[in-house]
Chemist: 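Below is a structure I'd like to ask you about.
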2 protein chains.
Amino acid sequence: MKPATVHRLGQLQLKILQVLWAQGESTVASVQGSLDEGRDLAYTTVATMLRKMEGRGLVEHRSEGRLFYYKAKVSEDDVTKGLAADLVDRLFSGSLSDLVSHLLTTQEVSRDELERIERLVAHRKKESSKPRRPGSIPRSEMPGD
Amino acid sequence: MKPATVHRLGQLQLKILQVLWAQGESTVASVQGSLDEGRDLAYTTVATMLRKMEGRGLVEHRSEGRLFYYKAKVSEDDVTKGLAADLVDRLFSGSLSDLVSHLLTTQEVSRDELERIERLVAHRKKESSKPRRPGSIPRSEMPGD
DNA sequence: AACGCACTACTACCTTGGTAGTATAGCGGC
DNA sequence: GCCGCTATACTACCAAGGTAGTAGTGCGTT
């Protein structure tokens, strides 16, 4: 199921989703408590945001007594993919290598990171001969860290 | 000078900047004409947006007679870097390879792209022994396409 | 000189993210 | 049975992106 326009997620919404991905079903209080220690938002702020997000189909809740247990309705993969694809699209007309190129030339990238990327690409090249559905590469086949 | 929070650029603002990067100084009419053929925005919409963007320091203008010639005040590199870095930060706690990994496993990536990336990484690895300011790799040293 | 066109300025309005206060309701304890 | 705690509902605001209408103004043409 493709849940409405995953891109254009705000800072807070993303943070909330990350909390929900990390801990699964959570009450408002729990989400509030798990959000950045730095900023402490009012309980009602988090509650309101969750309700708004539910309206957008990003999360859903289940009642247990008076309590609401919220859980993410969109997967981390979908969101990540959506945001990343959106960026690549908007900035580089879909060219992944252009993005990587840009990142490599303007960002600080450790030699370690470079080598990880190199392994990933090499691995993916081998894979590309026997194509599969995206995202279905099992962990066990991923190049080691 | 670091121009205020380059991330959180809207769709239209980015499009406008892209037009300005591509054609340099442009009048409102010219920008309007160069925006996606699909959607035709009112002249005043573009003008208003440009004025708002000027307020945020994204563009600036120069008058010539009654005409305003707008030009981007932020470089494409800065914006791209800002947006990409922001994304990498927010989604992958700053790990570039995690982003690339994700993109490689969930996106359709042609063999061509893979090879370009491979060359880029290899090139960057060689470079990394003699570090330089980011972004200063001359065209002539870039791996061929 | 007058008219109209083209361009900028101002204002307005909608949406959405974000933030939070106030109102309401139900459960547990005394 | 009432009190208060606390969780949800409702309402309100602000900022910013986006969209556009209307007002004002000056230049070129006739």
Side-chain angles (χ1 to χ4, degrees), chain A residues 3-20 25-36 38-71 74 79 82-83 86 90, chain B residues 3-19 25-36 38-71 74 79 82-83 86-87 90:
Chain A
T5 51
V6 159
H7 62 286
R8 90 149 63 183
L9 277 186
Q11 198 76 194
L12 180 57
Q13 301 190 356
L14 186 55
K15 288 255 173 66
I16 287 178
L17 283 178
Q18 283 167 342
V19 168
L20 293 180
E25 275 197 338
S26 309
T27 64
V28 174
S30 163
V31 171
Q32 182 199 18
S34 301
L35 286 174
D36 265 357
R39 60 203 212 146
D40 55 348
L41 296 167
Y43 182 94
T44 52
T45 299
V46 180
T48 302
M49 204 64 226
L50 278 166
R51 218 164 329 104
K52 282 188 176 181
M53 289 171 74
E54 182 155 38
R56 278 192 49 198
L58 295 172
V59 304
E60 62 188 345
H61 83 276
R62 152 184 87 77
S63 294
E64 191 175 306
R66 290 188 301 144
L67 273 186
F68 278 13
Y69 285 87
Y70 282 94
K71 77 171 169 205
V74 293
V79 170
L83 287 178
D86 185 59
R90 288 175 34 176
Chain B
T5 50
V6 159
H7 64 285
R8 94 146 64 181
L9 278 187
Q11 199 76 196
L12 179 57
Q13 300 191 355
L14 186 55
K15 287 257 173 63
I16 288 177
L17 283 179
Q18 283 166 342
V19 168
E25 275 196 339
S26 310
T27 63
V28 175
S30 162
V31 170
Q32 181 199 17
S34 301
L35 285 174
D36 265 358
R39 59 200 212 150
D40 55 349
L41 297 167
Y43 183 94
T44 53
T45 299
V46 180
T48 302
M49 204 62 227
L50 279 166
R51 220 166 326 106
K52 282 190 176 180
M53 289 170 74
E54 182 154 37
R56 278 191 50 198
L58 295 172
V59 303
E60 62 188 342
H61 82 277
R62 151 184 88 76
S63 294
E64 190 176 307
R66 291 188 300 144
L67 274 184
F68 279 12
Y69 284 88
Y70 282 95
K71 75 171 170 203
V74 293
V79 170
L83 288 178
D86 184 58
L87 186 82
R90 287 175 34 177

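This one's a predicted model, so the numbers in the text were calculated from it and none came from an experiment. Protein chains get the first letters and strands the later ones, always in sequence-line order, with residue 1 at the start of each.
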Chemist: With heavy atoms of chain A within less than 4.0 Å as the criterion, where does contact along DNA chain C begin and end?
Modeler: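 Footprint of chain A along DNA chain C, 5' to 3': C/dT16 to C/dC27.
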Chemist: As an exercise, state the distance from CG of B/L58 to CG of B/L9, rounded to the nearest 0.5 Å.
Modeler: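 Between atom CG of B/L58 and atom CG of B/L9 there are 5.5 Å.
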Chemist: Of all heavy-atom pairs between B/S63 and B/F68, which one has the smallest distance, and what is that distance?
Modeler: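 Closest heavy-atom pair between B/S63 and B/F68: OG-CE1, 3.2 Å.
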Chemist: Return the value, rounded to whole Å, for the distance between atom CD of B/Q13 and atom C1' of D/dA16.
Modeler: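 Distance, rounded to whole Å: 8 Å.
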Chemist: For A/E25, which residues count as a side-chain hydrogen bond (donor to acceptor under 3.5 Å, both in side chains) partner, sequence neighbours excluded?
Modeler: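 Per chain and number, A/E25 pairs via side-chain hydrogen bond (donor to acceptor under 3.5 Å, both in side chains) with A/R62.
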Chemist: Could you list the residues that satisfy side-chain hydrogen bond (donor to acceptor under 3.5 Å, both in side chains) with B/E54, not counting sequence neighbours?
Modeler: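 Once residues adjacent in sequence are excluded, the partners of B/E54 under the side-chain hydrogen bond (donor to acceptor under 3.5 Å, both in side chains) criterion are B/H61.
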Chemist: Just jot down the side chain to side chain contact (heavy atoms under 4.5 Å, CB included) partners of A/D86, sequence neighbours excluded, or say none.
Modeler: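 For A/D86 the side chain to side chain contact (heavy atoms under 4.5 Å, CB included) partners, ignoring immediate neighbours, are A/H7, A/R90.
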Chemist: Which heavy atom of A/I16 sits nearest to which heavy atom of A/L35, and what is that distance?
Modeler: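 Reported closest heavy-atom pair: N-CD2, 4.1 Å.
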Chemist: Rounding to an integer number of Å, can you tell me how far B/L9 CG sits from D/dA15 P?
Modeler: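 Rounded to the whole Å, the gap is 20 Å.
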Chemist: Pick out the pairs of N or O atoms, protein on one side and nucleotides 8-10 of chain D on the other, that lie under 3.5 Å.
Modeler:
| from | atom 1 | to | atom 2 | distance (Å) |
| --- | --- | --- | --- | --- |
| D/dT8 | OP1 | A/F68 | N | 2.8 |
| D/dT8 | OP2 | A/Y43 | OH | 2.6 |
| D/dA9 | OP2 | A/R51 | NE | 3.4 |

Chemist: Distance check needed: D/dT19 C1' versus B/I16 CD1, whole Å only.
Modeler: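 About 11 Å, once rounded to whole Å.
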Chemist: Rounding to a whole Å, what distance do you find between B/L17:CG and D/dG17:C1'?
Modeler: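 That distance rounds to 13 Å.
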Chemist: Out of curiosity, A/K15 NZ to A/L20 CG, how far, rounded to the nearest 0.5 Å?
Modeler: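 Rounded to the nearest 0.5 Å, the NZ-CG separation comes to 14.0 Å.
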Chemist: The criterion is side-chain hydrogen bond (donor to acceptor under 3.5 Å, both in side chains); which residues satisfy it with A/S34, sequence neighbours excluded?
Modeler: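 In terms of side-chain hydrogen bond (donor to acceptor under 3.5 Å, both in side chains), with neighbours along the sequence ignored, A/S34 is linked to A/Q23.
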